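In what follows, a structure is listed as structure tokens, so that the remarks can point back to it.
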Amino acid sequence: MKTRTIEKVTKPGIPHFVGDGFRVHNFIPGTSTMKRMDPFIMMDYNSKYNFPATDKPKGVGVHPHRGFETVTIAYRGRIQHDDSSGGGGIIGEGDVQWMTAASGVLHKEFHETEWSKTGGEFQMVQLWVNLPAKDKMSPPKYQAIANADINKVALPNNDGEVEVIAGKYNEKKGSASTFSPINMYNVKLKKGAKTQFTFPKHYTTALLMVEGDAKVNGDTNAPQDHFVMFSSDGESFSVEALNDTVILVLSGEPINEPIAAHGPFVMNTQEELIEAFQDFNTGKFGYLED
Ligand code: MN
């Protein structure tokens, strides 16, 4: 098996606020392009940040999405979500919220009310996963994936474990259902542990260093909060934990269709984008109270 080489390691850039509740570093398309990272078309990373106590939960008010899925992975803090198709819920540490916007939803994303009252350290990832053209106008769907329900595979020698959010790891299936082949893992490695991952060569593959530092492919430093992007030139790569680490591993088959994106809509053509704006403006995304 050939080694997948590292294309680049990106440090977290200057953060910006999404609404008033998410202080994020953008890694996709920031470090690259939607097309290059296909099917992962957006990644905002809220590195650890302390939010003060408040009675007025911070977050993002009602806004639309069409044409893709939003995946939120909570590492610290609690988030509440509500959408116009009736989906909703609260996720906390280790939980995942997989929302298929598809034909269109309105939703809002806020820190959970009770958590907000004490505030504290907040850390999360929001990823947008593109949908194949044939699924872009399918009905919205919501998957609440509690950490307890995520399949976990223990690594040999007490080296740690792999939480299989989506796809497959060593024949263990992920909890989320996806529209195109995607592997998404939270990998927890103990200090000194070394392991290897293998995915089809043409899959778009990247790592986010959520906690701790690692060496990738033997000699490349991947410090905490950095993003590692691989070339599609080999199947496998290795990771060695320099301290206790949590690594988000992403690998997905490119959808390879045209991308027309504007704000909260990601479609295939300019006409479909215009239609999305018209449908949103004429209330076809439903209703959600502020
Ligand atoms: Mn959103």
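As the structure lists them, so they are numbered: ligands from 1, and atoms in each ligand from 1. Please read these numbers as outputs of a predicted model, since none were measured by experiment. The chain is numbered in sequence order, starting from 1. Values reported hereafter were calculated over all heavy atoms of this structure, with side chains retained and with hydrogens, waters and symmetry mates removed.
- When atom types are taken as modelled, the side chain of Asn157 and the backbone of Asp159 share no donor-acceptor pair closer than 3.5 angstrom.
- A side chain to side chain donor-acceptor pair (under 3.5 Å) check over residues 199-209, counting only residues at least two apart or in different chains, returns the pairs Arg4-Thr205, His202-Glu253, Thr205-Ser251.
- With waters neither drawn nor counted, the protein N/O/S atoms under 2.8 Å from the Mn ion (ligand 1) amount to 4.
- The closest donor-acceptor contact from the side chain of Ser84 to the backbone of Leu106 lies under 3.5 Å.
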Dump the intermediate steps for side chain to side chain contact (heavy atoms under 4.5 Å, CB included) on Leu189 and Asp244, then the final yes or no.
-> CA-CA 6 Å; Leu189 293 177; Asp244 288 354; over 6 Å; no

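- No donor-acceptor pair under 3.5 Å is formed between the side chain of Lys117 and the backbone N or O of Thr54.
- If you check the side chains of Gln123 and Tyr45, you find a donor sitting under 3.5 Å from an acceptor.
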